Amino acid sequence: MKVGMLLKQLDLHLLNHSLKHISLQICLNPTTVKNDIELLKHFSGKGEQTVLESIDYTSDYEFSNGCRAPPWRQIHGEICYVLVKPHDVETLCVTCSAEGVFLNGGKTEDEGEINYERKSEIYKDLVTFLKEKSAKFSENMSKQDIRFTEEWKKENEEPKEIPKKEEADALPKAFLASSKNILEKNQINFGKTQMTKRLEPSLNWKATVDFKEHKSLLRDTQEEKHGGRLERAGPPVSPGRAQLVRKSAEKIEEILSDSSSENEEDEEPPDHRQEANADLPSEYWQIQKLVKYLKGGNQTATVIALCSMKDFNLAQETCQLAIRDVGGLEVLINLLDTDEVKCKIGSLKILKEISHNPQIRRNIVDLGGLPIMVNILDSPHKSLKCLAAETIANVAKFRRARRAVRHHGGITKLVALLDCAQSSAEPAQSSLYDARDVEVARCGALALWSCSKSYANKEAIRKAGGIPLLAHLLKTSHENMLIPVVGTLQECASEENYRAAIKAERIIENLVKNLNSENEQLQEHCAMAIYQCAEDKETRDLVRLHGGLKPLASLLNNTDNKERLAAVTGAIWKCSISKENVTKFREYKAIETLVGLLTDQPEEVLVNVVGALGECCQEYENRVLVRKCGGIQPLVNLLVGINQTLLVNVTKAVGACAVEPESMMIIDRLDGVRLLWSLLKNPHPDVKASAAWALCPCIQNAKDAGEMVRCFVGGLELIVNLLKSDNKEVLASVCAAITNIAKDQENLAVITDHGVVPLLSKLANTNNDKLRRHLAEAISRCCMWGRNRVAFGEYKAVAPLVRYLKSNDANVHRATAQALYQLSEDADNCITMHENGAVKLLLGMVGSPDQDLQEAAAGCISNIRRLALATEKARYT
C-alpha cells in the first residue's frame with residue numbers, strides 16, 4: 001500500500017514537472033489569441049487608465065479553424081493580423097502566429113494589403129509584445145499587481161472548453177500539440193476542483209434564490225455590456241496575459257475607470273472557511289443554533305432569533321464567517337423577500353454589519369442579494385430604505401457589485417432618496433428638515449459614493465439628475481450628510497461633464513466654505529473635489545474669489561493626517577496653474593511651507609508638493625524664495641526616484657529653478673544635470689520629455705555649458721537617438737535641447753557625426769506646431785556647421801519647412817523664417833524655396849512687428865533674390 005502511494009506521488013510529481021516545462025514553451029493557437037484580443041478590447045478606449053486606444057483585426061472573416069490569416073499564410077503558422085493603437089506610439093500592425101507575436105511591414109498605402117515580412121523580434125504573446133513597444137501600456141498593466149494564480153483557481157469552477165477535433169485537425173502541428181497539452185492540464189485541474197469543492201448548506205425555509213437563474217443573469221448582463229460572451233483561455237498563460245484573464249474572470253463591468261479609487265477593493269480576498277477540526281469559539285455554535293431557528297421557526301421565532309443574532313459582536317470576523325458557513329446568509333437574504341417589515345429590518349441590520357467583510361460582500365452578490373435590496377429602496381418605510389441603502393454602500397465596493405446595482409435600476413432609486421427636502425423654502429436651515437428624511441438622504445448619498453467609483457455609474461447618476469440634488473444637500477449643516485455628498489462629488493469630478501455641471505450649480509462656493517469645517521474628513525474630501533475641478537481656469541478663479549486659497553494654505557501646517565495633506569497639496573498644485581493664485585499663495589507664506597514638505601512625506605504628498613512648486617517657480621520671486629529656503633537640494637535628491645508622476649513634476653520644478661543662474665550653480669554642484677540627463681533613459685515618454693525640457697535652461701545658464709555637456713559619456717549620442725521616438729512631446733523637447741546644445745561648435749560637430757541632420761529632416765513632415773517650432777530652431781542651429789545646409793536640402797527638409805509658414809502660430813513663423821534664412825545660403829535650397837512659394841509667404845512677414853521675424857524673412861528673400869540675379873546675369877554673359 002505504501003509503495004503504491006509513493007508511486008502515485010512520483011507520477012504526480014513527474015506530471016506537474018512536465019506541465020511546468022510545457023507551459024514555458026511558446027505555442028499560440030487561435031483560441032488563445034482571440035481571448036487575448038477580446039480581453040484587450042475590454043481594456044481599450046479613451047481615458048488615461050485604459051491600456052490601449054484601440055485594437056482591431058485587419059479582417060472580419062474567420063475561418064472554421066479560428067484563423068483569420070489567408071490560407072496561404074496559415075501554412076506558415078500565422079493566425080491573424082491585428083492593428084493596435086497604443087496611447088504613446090503610432091498604430092502597430094502585428095502578426096500573431098503559432099511561434100509568437102511580431103511586428104510586420106504594415107498595410108501598403110496603395111492597395112491596403114498586408115506586408116507580411118517580419119520587422120521585429122518574436123515575442124511569446126501579445127501582451128509581452130505591447131509592453132516592449134509601448135511604455136504607457138506597460139505602465140497601466142503594471143498597476144494591476146494582484147497575483148493571478150489564486151484568482152484563476154477561484155473563478156475556474158467549471159472545466160475549460162476542450163478544443164474541437166475538427167479545429168485541431170485543420171491547424172498546423174504546433175496548434176495540435178498545444179491543444180493536447182491544454183486538454184491534459186484541464187482534466188487534471190477539473191479533477192482537483194471536484195475533489196476540493198466544498199458542499200454548501202441547503203435551505204428549506206424559503207427557496208427564492210435560483211442559482212441557475214442567477215448565473216444566467218450574470219452571463220446575460222455581461223453579454224449586454226460587451227456584446228458577446230467572454231471565453232476563458234485554455235492554454236497555459238503568461239504573466240502578462242494572466243492579469244487580463246483575471247480581470248475577465250471577475251466579470252469586469254466596464255473599461256477602467258478614471259477614478260483613482262477604482263482599484264480599491266477589486267482584489268478577490270482569500271476565501272476563509274472554518275476548519276472542521278479547528279477549535280471554534282462558542283459564538284460559532286450559538287450562531288449555528290440561531291440560524292436553525294431562522295430556517296425552521298415561525299415569524300415570532302424568526303424575529304427573536306434575529307434580535308439575538310444582532311446582540312453578537314458582528315464586527316468580529318469569526319461571527320461574520322460563522323453566519324455564512326452555517327447557511328445564514330441565504331436565510332437573511334430570503335427574509336428580505338418576505339412581507340414582514342420586522343423581519344426585513346432585522347435581516348438588514350445584520351447584513352449591514354457583516355457586509356463590511358470583503359468575502360461576505362461577494363457572497364451577498366453571488367446569492368442575488370443586491371436586486372432585492374434595490375427593490376426595498378421603493379418601500380414606504382424610511383427605516384427600510386436607510387438600511388438597504390447603507391448595506392448597498394457596504395457591498396458596492398467592487399466592480400461586479402456596482403454593475404449589479406446599476407443594471408437593476410439602483411442608481412435612479414438612490415438618486416431619488418436624495419430628494420429629502422425639496423419643498424423646504426430655506427434648505428440651508430437644518431431645523432426645517434425632518435430627521436428621518438435627512439437620514440434617508442444621507443444613506444442614499446453613502447450608497448452613491450460607493451457606486452460612483454465606476455464611469456458608467458457616474459454617467460447614470462448625472463442622467464438621473466443627481467448633481468442638482470447633491471448641490472442642494474451641500475448647503476446643509478449636517479456634517480454626517482456632507483461627507484458622503486462631497487465624497488460623491490469628488491469621485492464624479494474626474495469627468496469633464498461633471499466639472500461643467502459643478503460650475504453651473506455653483507458648488508465650488510460651498511466646497512470652499514466647508515474647508516473651514518472642524519471635521520478633517522470633510523476637509524479632505526472638499527480639498528480633493530477642488531483638486532479634481534481645478535483643471536479648469538474658471539474653477540481656479542472661483543476658488544480664489546470665494547476665499548478658498550487661504551484655508552488651503554493654512555491646512556498645510558497640519559501634517560499629521562497624510563490623506564488630508566495629500567488632498568490639500570493636490571488642490572494647491574492645481575490652483576497654482578493660475579498666476580493670480582500663485583501671488584496669493586506667496587502672500588499666505590504657502591511656498592515656504594511647501595518647501596518644508598519636500599522631506600519625510602509619502603509619495604502621494606510629494607507628487608503634489610513638487611507639482612505646486614513647479615508651477616510657482618515659473619515666477620522669478622518664487623524661484624529666489626525656494627532657493628533661499630533651501631529647496632534646491634531636496635528637489636535634486638528626488639530626481640533618483642522611480643515614481644513616474646513624481647519624476648515628471650520634479651524635472652519641471654528643477655528646470656524652472658535652473659532659469660535663475662544662482663540656482664543653476666547649486667543644481668550643477670549637486671550633480672543635478674547628470675541626474676536629469678540619466679532620466680533620458682527612462683522608459684516612460686513623459687519622464688523623457690520633462691527631463692529634456694529641464695535640460696534646456698540648465699544648458700542655457702551653465703557657466704561652461706559646452707564642456708559640461710561633453711563630460712557626459714555617451715550623452716550626445718543618447719539625445720540624438722531620441723529623435724527616433726514616436727512621441728511628439730519627446731521629439732519637441734529633444735529638438736529644444738539640441739537647439740541649446742548646438743550653440744557650442746564642438747558639440748554641434750559631435751551631434752552631426754551622430755547623424756542629427758537626417759533624423760531632423762525625417763521629422764519635417766509634421767503638423768504639430770509645437771514640434772514644428774522647436775524642429776525649425778534646431779535645424780537653424782545645425783545649419784552652422786560644415787555642409788549641414790546642403791545636407792538638409794539633400795534629405796528633403798526644405799519644402800516641408802516652407803509649409804510651416806502657413807501655420808497660425810507666430811512662434812512657428814519666427815523659427816521657420818530663421819531656419820529658411822540659414823538654409824538659403826545654399827543655392828539649391830533657394831531654388832526649392834522659390835518653387836514651393838516661400839517668397840510670397842515671406843513677403844507678408846517682412847512687415848511683422850516681431851523684429852527677429854522681420855530680419856529672418858528679409859534675409860531669406862534677399863538670398864533668393866541674389867541667386868536669381870546671379871542666374872540672370874550668367875545667362876546673358
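Note that the structure is a prediction, hence the values are computed from the model and not measured.
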Within the distance-only criterion (no hydrogens, no angle test), does the side chain of [X] pair as donor or acceptor with the backbone N or O of [Y] below 3.5 angstrom?
X    : Y    : answer
N581 : S576 : no
T583 : K579 : yes
D56  : L83  : no
S44  : L40  : yes
N836 : A838 : no
S120 : L103 : yes
S578 : E580 : no
S138 : S134 : no
D88  : A135 : yes
N608 : A566 : yes

If you define the side chain from C-beta out and look only at heavy atoms, does anything of [X] sit under 4.5 Å from [Y]?
X    : Y    : answer
R781 : I738 : no
C575 : Y531 : no
L598 : L613 : yes

Exercise for review: Would you give the length of the straight line joining atom CD of E660 to atom OH of Y620, rounded to the nearest 0.5 angstrom?
Suggested key: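 Going from the CD atom of E660 to the OH atom of Y620 covers 5.5 Å.
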Review point. From I577 CD1 over to R540 CZ, what is the distance, rounded to the nearest 0.5 angstrom?
Key: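 Going from CD1 on I577 over to CZ on R540, the span is 4.5 Å.
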**Study point:** Sequence neighbours excluded - salt bridge (Lys or Arg N to Asp or Glu O under 4.0 Å) pairs with any residue from residues 694-708
**Key:**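 For residues 694-708, and leaving out neighbouring residues, the salt bridge (Lys or Arg N to Asp or Glu O under 4.0 Å) pairs sorted by first residue read E707-R710.
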Practice item. Enumerate the residue pairs fulfilling ring-ring contact (aromatic ring centres under 6.0 Å, His included) with a member in residues 623-672, sequence neighbours excluded, ordered by first and then second residue. Key: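 Applying ring-ring contact (aromatic ring centres under 6.0 Å, His included) to every pair that reaches into residues 623-672, excluding sequence neighbours, yields nothing.
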Check your understanding: Any ring-ring contact (aromatic ring centres under 6.0 Å, His included) pairs touching residues 683-707, not counting sequence neighbours?
Key ->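 Sorted pair list: W693-H774.
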Practice item. State which residue, out of R623, R669, R627, K628, fulfils the salt bridge (charged side-chain N to carboxylate O under 4.0 Å, His left out) condition with E662. Key: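 Checked R623, R669, R627, K628 against E662; only one passes salt bridge (charged side-chain N to carboxylate O under 4.0 Å, His left out): R627.
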Practice item. Could you walk me through whether N622 and R586 pass the side-chain hydrogen bond (donor to acceptor under 3.5 Å, both in side chains) test, one step at a time? Key: CA-CA 8 Å; N622 297 334; R586 188 166 64 246; 3.0 Å; yes
Practice item. Tell me, yes or no, whether the heavy-atom count around Y795 atom OH, taken from other residues, nucleotides or ligands under 6.0 Å, exceeds 12. Key: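 Not more than 12 within 6.0 Å, no.
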